[in-house]
**Q** 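Shown below is the structure under consideration.
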Amino acid sequence: MKKPVVYNIKSGARYLNVGNNRSVPVSGIVGIFDMDSTTVSKNMRDWLRACEREGILISVANSLPKSVILYDDGVQRSVWFSSFNASVLRSRIIEG
């Protein structure tokens, strides 16, 4: 299993286009995860189902999702499915 990579984001983009003309503030992004490695765990699949039941799971993927974005700004909590790779989203944040 791959080890998670943590990036300290101090500058760059203020909003991240997560797909389908939807953007989220970078300041509220808790993590961006690769869909293939994320859904291997039964606990993670159960958690995603619970998010779907709560109505906080939002899919902006036009096809199979490639990444999961966890968002929590203290007011709103949501989980986004994106058709962009986690590495693409990361580079968009870093490069601004």
Side-chain angles (χ1 to χ4, degrees):
M1 176 179 257
K2 293 181 184 178
K3 288 186 176 181
V5 179
V6 178
Y7 296 95
N8 186 6
I9 301 167
K10 294 186 178 182
S11 63
R14 292 180 185 228
Y15 289 87
L16 176 65
N17 178 350
V18 294
N20 216 9
N21 293 323
R22 299 290 298 267
S23 297
V24 297
V26 171
S27 60
I29 295 176
V30 176
I32 301 173
F33 308 95
D34 178 65
M35 188 67 148
D36 289 337
S37 59
T38 302
T39 55
V40 170
S41 163
K42 181 185 180 320
N43 290 336
M44 187 59 136
R45 289 191 309 269
D46 292 343
W47 180 76
L48 288 171
R49 277 189 218 101
C51 290
E52 187 174 22
R53 283 191 301 271
E54 283 183 52
I56 62 171
L57 183 66
I58 304 163
S59 179
V60 292
N62 291 328
S63 57
L64 289 174
K66 294 182 182 172
S67 62
V68 178
I69 302 154
L70 178 56
Y71 181 85
D72 187 351
D73 64 2
V75 176
Q76 176 187 357
R77 190 180 80 172
S78 54
V79 177
W80 296 78
F81 281 168
S82 175
S83 55
F84 297 123
N85 287 327
S87 59
V88 169
L89 295 173
R90 177 200 150 272
S91 66
R92 287 181 179 185
I93 292 173
I94 300 297
E95 294 169 7

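Values below: all heavy atoms of this structure, side chains included; hydrogens, waters and symmetry mates excluded.
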**Q** Using every non-hydrogen atom in the two residues, find where A86 and D34 come nearest and quote the distance to one decimal.
**A** CB-N, 4.1 Å

**Q** Is the number of heavy atoms from other residues, nucleotides or ligands under 6.0 Å of N21 CG greater than 12?
**A** no

**Q** Between I69 and S82, which heavy-atom pair has the shortest distance, and what is it?
**A** CD1-CB, 4.0 Å

**Q** Do V68 and M35 come within less than 4.5 Å of each other through their side chains, counting heavy atoms only?
**A** yes

**Q** Begin from the C-alpha positions of V26 and R14 and carry the test side-chain contact (heavy atoms from CB on, under 4.5 Å) through to its verdict.
**A** CA-CA 5 Å; V26 171; R14 292 180 185 228; 5.8 Å; no

**Q** Going by heavy atoms in the side chains, are I32 and R90 under 4.5 Å from each other?
**A** no

**Q** Can you measure from OG (S78) to CD1 (I56) and round to the nearest 0.5 angstrom?
**A** 7.0 Å

**Q** Kindly compute the distance separating CE (M44) from CZ (F33), expressed to the nearest 0.5 Å.
**A** 6.0 Å

**Q** With a 4.5 Å cut-off on side-chain heavy atoms, are L89 and I29 touching?
**A** no

**Q** Can you name the nearest heavy-atom pair linking N20 to V60, along with the distance?
**A** CB-O, 3.5 Å

**Q** Within the side chain of R45, is there an N or O that forms a donor-acceptor pair under 3.5 Å with the backbone of V40?
**A** yes

**Q** With rounding to the nearest 0.5 angstrom, report the OG to CG distance, S23 to L16.
**A** 7.0 Å

**Q** Can you tell me how far the CH2 atom of W47 sits from the CG atom of L57, to the nearest 0.5 Å?
**A** 8.5 Å

**Q** Between CG of L48 and CZ of F81, what distance do you get to the nearest 0.5 Å?
**A** 5.0 Å

**Q** Report the C-alpha distance between V18 and Y71 in whole Å, list the side-chain angles of each, state the deciding distance to 0.1 Å, and finish with yes or no for side-chain contact (heavy atoms from CB on, under 4.5 Å).
**A** CA-CA 11 Å; V18 294; Y71 181 85; over 6 Å; no

**Q** Might you point out which heavy atoms bring W80 and R22 nearest each other, and give the distance in Å?
**A** CH2-NH2, 3.4 Å

**Q** For the side chain of D73 and the backbone of Q76, is there at least one donor-acceptor N/O pair under 3.5 Å apart?
**A** yes

**Q** Can you give me the closest heavy-atom contact between C51 and V79, atom names plus distance?
**A** SG-CG2, 3.8 Å

